[in-house]
Amino acid sequence: MKSEDTPFVGGPLDGRVLPILLGPTGHPPKVYRVPVPDEAGGTPTVLVYRRVAKAAGKRLGLHPGWKYEYDPEGDQAGTGLKWPWSKPGGTG
């Protein structure tokens with residue numbers, strides 16, 4: 001499988017560049033979850049990063065690649081199915 005070095009912005013992984021596996025379309029996943037084990041042996045904390053374009057492209061709307069930005073709200077934001085007929089902010 002192919003991978004792409006993808007930078008992380010914000011949160012505990014700020015400034016790191018990690019190789020991320022690409023999907024069948026050639027893009028990295030939209031959401032990247034990093035489980036962090038608890039020192040006391042409890043449930044692990046999950047850091048959530050969301051994929052965004054690095055910069056706006058100048059030609060044909062293409063962009064030069066992807067980066068991941070930290071989402072402090074985690075899994076609460078952007079969950080659920082998004083149907084074309086759903087109202088913005090609705091639950092689907």
Side-chain angles (χ1 to χ4, degrees):
M1 293 195 75
K2 292 178 85 175
S3 66
E4 178 180 294
D5 289 339
T6 308
F8 285 76
V9 178
L13 296 179
D14 189 27
R16 294 191 185 186
V17 178
L18 300 175
I20 305 296
L21 291 176
L22 303 178
T25 60
H27 299 291
K30 290 182 181 181
V31 178
Y32 192 75
R33 291 176 177 84
V34 181
V36 178
D38 186 30
E39 293 178 8
T43 59
T45 303
V46 178
L47 304 175
V48 178
Y49 285 85
R50 302 215 181 267
R51 180 185 76 185
V52 295
K54 279 187 185 177
K58 295 181 181 180
R59 306 181 111 204
L60 303 173
L62 300 175
H63 55 84
W66 301 101
K67 66 180 178 180
Y68 281 105
E69 288 185 353
Y70 179 63
D71 183 4
E73 295 179 9
D75 286 336
Q76 290 84 20
T79 59
L81 297 174
K82 294 181 179 137
W83 301 101
W85 55 84
S86 299
K87 293 180 183 177
T91 57

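When atom types are taken as modelled, the side chain of Thr6 and the backbone of Glu4 share a donor-acceptor pair closer than 3.5 angstrom.
Between Asp5 and Pro7 the shortest heavy-atom distance is O-CD, 4.0 Å. The shortest heavy-atom contact between Tyr68 and Pro29 is OH-O, 2.6 Å. Minimum interatomic distance between Pro12 and Tyr70 (heavy atoms only, all atoms of both residues): CD-CE1, 4.2 Å.
Both Val31 and Val46 belong to a single network of hydrophobic side chains, linked directly or stepwise wherever heavy atoms of I, L, V, M, F, W or Y lie under 4.5 Å apart. Linking ILVMFWY side-chain heavy atoms closer than 4.5 Å, directly or via other members, places Leu47 and Leu18 in a single hydrophobic cluster.
The structure places CD of Glu69 at 10.5 Å from CG of Asp14, a figure rounded to the nearest 0.5 Å. Rounding to the nearest 0.5 Å places CD1 of Ile20 at 8.5 Å from OG of Ser3. Note that CZ of Arg50 is 15.5 Å distant from NZ of Lys67, once rounded to the nearest 0.5 Å.
Between Tyr49 and Phe8, the angle of the ring planes goes over 60°, which puts this pair in the perpendicular group of the 30/60° scheme.
In this structure, Val36 and Pro44 have side chains that are not in contact, with every pair of non-hydrogen atoms separated by 4.5 Å or more.
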